[in-house]
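Nothing here was measured: the structure is a model prediction, and the numbers come from that model. Every heavy atom of this structure was used, including side-chain atoms; hydrogens, water molecules and symmetry mates were not.
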Amino acid sequence: MEIETPSDINANVVESDSELSGSELNRKEENGNLAESSISEAKLHAKAQRRLRKNSSRDSGRGDSVSDNGENTRGVVPTSPKSKLMDRKSRTGKGRGLPKKGGAGGKGVWGTPGQIYDEEIVDIKDPNYDEDQESCIYETTVLPLDEKSFEKSVTPIVQEYFEHGDTNEVAEMLRDLNLGEMKCGLPVLAVSLALEGKASHREMTSKLLSHLCGTLLSNEDVERSFDKLLQELPELVLDTPRAPQLVGQFIARAVGDEILSSTYLEAYRGIVDCVHSRAALDRAAVLLRMTKVGRRIDSVWGTGGGQQPVKKLVKEIDMLLKEYVLSGDVVEAERCLQELEVPHFHHELVYEAILIVLEATGNSAYTMMLSLLEALWKSGVITLDQMKRGYDRIYQEIPDINLDVPNAYSVLERFVEDCFKAGIISKQIRDLCPCRGRKRFVSEGDGGRLKSESY
């Protein structure tokens, strides 16, 4: 039997103590690792939950979400009702689920329903306050027109004026435009357009210039405009051969309307080299000599248009036919009829022409009126409607005409038949021609022979 010495006993005790302490340390280390791992997992889980709550509202429409492990799983559509697009309810997890800011915090919202905005009170103590801001007046500034934009803007206004004839409307439309230095170009443009139009357009242009002078245009602007017109006459003659005479009439009318000074023509005496300008000034001088000083030249453009009195138009057509009987010029008669600009009154010419035929004693008037109506019908100046109305008037008044002209019925029947053969009237108009009420015989023993058509 071995006997242990005190040193051996001490060594064993130390060894056992070291073994115990090592096992305890291992257990302690294992417990520490487990605690640290559980803490880290809890932190990751909490972080994932926070990300999920945070991204549920922002990325719900795109299908972005975060898994429990903190991984981003794109393409998974959240099933939470809070992930609806454009849902304006609070997603912080607090509150009662009502709209944020009482429904006044969304995009494009001007406040809560029923909210009334009071007038803003200016704070005088505001460092940005300006004393002149209340008395400041803001106006729209229109840039002055250049030459190209001037012609593009003013031409439609003048052309529309030729349709409605309202000078006040033209003045209001021109005030909205900043003409600037192009004011003197307004009469030039208006006269240039009127030269290519009718006589009524020239009369309207003269009235427009007279209306605008003193309000929108000055006398100096009008004088400069006619100076420019005289310079451009060689170019205007290419489009309008009668431009020198027409411009002279415009100048005479402007002097008569007192928008040009009476000494305007004297300033050009002896210094004009252009043939066309000299012709225009001579035409104006002749017209001014024919009138008294200060008297308006109202008839410088003739008497035309539907605004003329009916009696005046009847007189003009009667003079036209009488001049045609003397001259026999069909072209001149057609031109004069067109210058009257009364296509709705052409039936008066048909009526007067047939009346001249019925009242004439020879065959010359018969032949000339037949030729005139045929020419006007073929050129389209007189329409079928106007021709029919003229014949209808004759048919209705033939009983009264027959009292003054005994052979009116026979002459009318012969003239209507010739017009039908020439293609002037239709068969319907010819058939409406009235006949004599009874037939007169020579005597009882003539066997029913009719008298000749000379009675």
Can you tell if the side chain of [X] reaches within under 4.5 Å of the side chain of [Y], non-hydrogen atoms only?
| X | Y | answer |
| --- | --- | --- |
| Leu372 | Leu321 | yes |
| Lys207 | Arg253 | yes |
| Arg389 | Arg393 | no |
| Val342 | His344 | yes |
| Val247 | Ile251 | yes |
| Leu230 | Tyr268 | yes |
| Val191 | Leu246 | no |
| Met369 | Tyr324 | yes |

Show your reasoning for whether side chain to side chain contact (heavy atoms under 4.5 Å, CB included) applies to His211 and Asn168.
-> CA-CA 8 Å; His211 179 78; Asn168 294 323; 3.2 Å; yes
Test your reading of the model: is there a side-chain donor-acceptor pair from [X] to the backbone of [Y], 3.5 Å cut-off?
| X | Y | value |
| --- | --- | --- |
| Ser206 | Arg202 | yes |
| Asn407 | Ser410 | no |
| Thr167 | Leu208 | no |
| Asp126 | Asn128 | yes |
| Thr215 | Leu212 | yes |

Report the relative orientation of the aromatic rings in Tyr391 and Phe415; use parallel for angles under 30°, tilted for 30 to 60°, perpendicular for over 60°.
-> parallel
What is the ring orientation for Phe226 with Tyr264, classed by angle as parallel under 30°, tilted 30 to 60°, or perpendicular over 60°?
-> perpendicular
Distance in Å, [X] [atom1] paired with [Y] [atom2], rounded so as to fall on 0.5 Å steps:
| X | Y | atom1 | atom2 | value |
| --- | --- | --- | --- | --- |
| Ile425 | Phe420 | CD1 | CZ | 7.5 Å |
| Asp282 | Arg278 | CG | CZ | 7.5 Å |
| Tyr409 | Ile401 | OH | CD1 | 9.5 Å |
| Leu355 | Ile398 | CG | CD1 | 9.0 Å |

State whether [X] and [Y] are salt-bridged, where the test is any N-O pair (Lys NZ or Arg NE/NH1/NH2 against Asp/Glu carboxylate O) under 4.0 Å.
| X | Y | value |
| --- | --- | --- |
| Asp221 | Arg224 | yes |
| Lys312 | Glu316 | no |
| Asp418 | Arg414 | no |
| Arg175 | Glu172 | no |

Audit row: Leu236, Ser192, side chain to side chain contact (heavy atoms under 4.5 Å, CB included) steps and yes/no | CA-CA 8 Å; Leu236 295 176; Ser192 300; 4.2 Å; yes
Nearest heavy-atom pair of Ile382 and Trp377: which atoms, and what distance?
-> O-CE3, 3.6 Å
Ser262 versus Val255, closest heavy-atom pair with distance = CA-CG1, 4.2 Å
Criterion side chain to side chain contact (heavy atoms under 4.5 Å, CB included) on Leu412 and Tyr395, from CA distance to verdict | CA-CA 9 Å; Leu412 179 62; Tyr395 293 164; 4.1 Å; yes
Check step by step if side-chain hydrogen bond (donor to acceptor under 3.5 Å, both in side chains) holds for His347 and Asp385.
-> CA-CA 8 Å; His347 61 85; Asp385 177 66; over 6 Å; no
